[in-house]
Protein chains: 2
Amino acid sequence: MTDGRIILNMDNYKPLREIVFEAMREAIVSGRLAPGERLVEIKLADEMGVSRTPVREAIRKLELEGFVIMMQRKGAYVAGLSPKEIRDVFEIRSTLESLAARLAAERITQVQLEQLKRQLADLEEKIRSHEIEAVVKADIAFHDVLFSASGNARLVSMLSNLREQIHRYRSMSLSYPGRMSVALGEHRAIVKAITEHKPQEAAEAALEHMDSAEASLIEVMKKVHMSINDEREE
Amino acid sequence: MTDGRIILNMDNYKPLREIVFEAMREAIVSGRLAPGERLVEIKLADEMGVSRTPVREAIRKLELEGFVIMMQRKGAYVAGLSPKEIRDVFEIRSTLESLAARLAAERITQVQLEQLKRQLADLEEKIRSHEIEAVVKADIAFHDVLFSASGNARLVSMLSNLREQIHRYRSMSLSYPGRMSVALGEHRAIVKAITEHKPQEAAEAALEHMDSAEASLIEVMKKVHMSINDEREE
DNA sequence: AAATGGTATTATGTATACACAAAACAATTT
DNA sequence: AAATTGTTTTGTGTATACATAATACCATTT
């Protein structure tokens, strides 16, 4: 064993609260925990085979990220987004996605640009395969590269969070007829502007992308006549 | 007691974790807890006369809001913002403040507009008095009205949070010679654009306001030759 | 049967207890 | 003295215990 250093990764240790948090978020985003549903700490703890403490901490974190609503001394409920809230989130996302694209156009490195193009190609391929889940994943990967290219770490985490918020309604939006190919075109426009280092155009392309994503989501929601909202305004 | 419904406010009950959270944030923002300082749960709990639980929950919340950095199994530390991180925050704030101003110009109600003008007058008065703390407060009140006028609740909370993040360095920036009167002018420009319902101008005025706030902060920091940063990059 | 009052149950908020990792320190060896 | 190992201390991570608010249930009264 000449050079063989043994490196066993203690870094991938995750506190239980993290694991619980991720599991619960996944359950909410995927819809297994429905909006309005009550979250009882002991019940969840028993189900997951842990104590209340990590569950509590996970719930608190979910609250701060907008997935859960807590009422004083009453308990926690899965948050549902009202149409008004969805519009609010999109208003913010549009602005920030647009900012990210602008910054990326200014700051992207050669390596990142190649990554971005690879992601775009991958997205294209997944769209051809018509597997919605794969498309969603590829889309996320694409935007992640785009975000990091902005060089603003805080922006990356805010955008990731906002995306998670509406992820619940995401596949719905993509199932809107023709949405996927339109989205692909929008992605291409963004990449083009970034490649040519044109911040203004990149920002505009990102804005259009968001607007059209919002529009198709709203459209689908109308059709399904969803009352995502439960006893809340608008 | 004909119509007199008795409404006794149970709403002002606050869980301990909230109280602890607010106390700790105040301590960090005001500098009593300095960047890099270690936060030991039992120590804080004893000092405040509570148990570890609410302290832990408060620390978690502070972490999510960026005031505290946690290291696995090592503990929590007061976060310091590096110059790079300050720039990152300003990049985001500029964009969102600008969005808020734009939306306010579109949506502000008559009542809100009057409020806004009152806050502006108040700010003017406080600036004449030269009490920095009062000016900071008035400035916050002004922007709060502006934010709500955007009609986007999520935007309000995101902006409040971002403001808190740099509040630590705020009075420093205002102490920069001439900064206060310049800021007053910028505020007037924003109010003017909103009054005339000119979204584009409001957005631009807000952007300028942020840019100049950032510039004067950076300037002051250079002079004080601060190493706000502790063992972090840039 | 409806309304009121009281009791039991459930779940949150907070405190404490226990386990183990990390760091600090001391002791032993070279 | 330097290095290595063992030991102690400290503090986080998790589990559990206890107190009290909120709710549900039941009984009693009218």
Side-chain angles (χ1 to χ4, degrees), chain A residues 5-25 27-28 33-34 36-65 67-79 230-231, chain B residues 5-25 27-28 33-34 36-65 67-79 230-231:
Chain A
R5 283 168 305 173
I6 299 175
I7 303 167
L8 64 111
N9 227 359
M10 293 301 269
D11 297 353
N12 57 8
Y13 159 81
K14 272 189 191 167
L16 267 183
R17 61 168 177 277
E18 274 305 312
I19 298 174
V20 172
F21 167 78
E22 280 163 20
M24 288 184 67
R25 185 176 63 182
I28 293 174
L33 284 174
E37 194 165 332
R38 172 117 188 247
L39 297 174
V40 178
E41 296 173 0
I42 322 172
K43 204 164 141 260
L44 290 165
D46 287 349
E47 273 170 30
M48 308 180 103
V50 299
S51 82
R52 272 180 66 206
T53 311
V55 173
R56 281 176 69 78
E57 297 184 338
I59 290 179
R60 297 276 127 74
K61 195 165 169 184
L62 288 165
E63 185 201 8
L64 292 201
E65 305 216 337
F67 295 101
V68 156
I69 291 177
M70 298 201 56
M71 300 174 77
Q72 311 276 34
R73 287 215 156 265
K74 287 264 196 92
Y77 299 81
V78 176
D230 340 283
E231 82 269 354
Chain B
R5 284 170 301 173
I6 299 177
I7 302 167
L8 63 111
N9 225 1
M10 296 298 269
D11 297 352
N12 58 7
Y13 159 81
K14 272 190 193 168
L16 265 184
R17 61 169 177 278
E18 274 305 310
I19 299 173
V20 172
F21 167 78
E22 280 163 21
M24 288 184 65
R25 185 175 65 182
I28 292 173
L33 285 174
E37 195 166 332
R38 175 119 187 248
L39 296 174
V40 178
E41 295 173 358
I42 322 171
K43 204 167 141 256
L44 290 165
D46 287 350
E47 273 170 31
M48 307 179 103
V50 301
S51 84
R52 273 181 65 205
T53 310
V55 173
R56 282 176 69 76
E57 298 184 337
I59 289 179
R60 296 277 127 75
K61 195 164 169 185
L62 288 165
E63 185 201 8
L64 291 204
E65 305 216 336
F67 295 102
V68 156
I69 290 176
M70 297 201 57
M71 301 172 77
Q72 310 278 32
R73 287 209 157 269
K74 288 261 197 95
Y77 299 81
V78 176
D230 339 284
E231 83 270 355

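Chain identifiers are assigned alphabetically (A, B, ...) following the order of the sequence lines, protein sequences preceding nucleic acid strands; residue numbering begins at 1 within each chain. Every value quoted in this text rests on a predicted model; they were computed, and no experiment measured them.
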If I take atom [atom1] in residue [X] and atom [atom2] in nucleotide [N], what distance separates them, rounded to the nearest angstrom?
| X | N | atom1 | atom2 | value |
| --- | --- | --- | --- | --- |
| A/Arg17 | D/dT14 | CZ | P | 6 Å |
| B/Glu18 | C/dT12 | CD | C1' | 15 Å |
| B/Gln72 | D/dT12 | CD | C1' | 11 Å |
| A/Asp46 | D/dA15 | CG | C1' | 12 Å |
| B/Leu44 | C/dA15 | CG | P | 14 Å |
| B/Glu57 | D/dT12 | CD | C1' | 15 Å |
| A/Phe21 | D/dG13 | CZ | C1' | 18 Å |
| A/Arg56 | D/dA15 | CZ | P | 14 Å |

Task: B/Thr53 or B/Ile42, whichever maps to the more 5' nucleotide of DNA chain D - done: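 Result: B/Ile42.
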Short side-chain N/O contact to [N] OP1/OP2 from [X], under 4.0 Å:
| X | N | answer |
| --- | --- | --- |
| B/Lys74 | C/dA23 | yes |
| A/Arg73 | C/dA11 | no |
| A/Ser51 | D/dA15 | yes |
| B/Arg60 | D/dG13 | yes |

- [ ] Looking at every strand, decide which applies to A/Arg52 at a 4.0 Å heavy-atom threshold: base, sugar-phosphate, or nothing.
- [x]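 Since a base atom lies under 4.0 Å of A/Arg52, the category is base.
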TODO: Tell me what A/Leu39 touches on the nucleic acid: a base, only sugar-phosphate, or nothing, going by heavy atoms under 4.0 Å.
DONE: sugar-phosphate
Can you figure out which of [options] approaches the side chain of [X] most closely?
| X | options | answer |
| --- | --- | --- |
| B/Leu16 | C/dA22, C/dA15, C/dT12 | C/dA15 |
| B/Met70 | D/dG11, D/dA15, D/dG13 | D/dG13 |
| A/Glu41 | D/dA15, C/dT12, D/dT12 | C/dT12 |

Open item on the list: Quick check for you: to the nearest 0.5 Å, what is the distance between A/Leu62 atom CG and A/Ile28 atom CD1?
Closed with: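 Here the interatomic distance stands at 5.0 Å.
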Open item on the list: Could you check whether any side-chain N or O of B/Glu18 sits under 3.5 Å from a backbone N or O of B/Pro15, counting only pairs where one atom can act as donor and the other as acceptor?
Closed with: no
Check: [Y] and [X] side chains under 4.5 Å, non-hydrogen atoms:
| X | Y | value |
| --- | --- | --- |
| B/Val20 | B/Leu44 | no |
| A/Arg56 | B/Glu57 | yes |
| B/Arg60 | A/Arg60 | no |

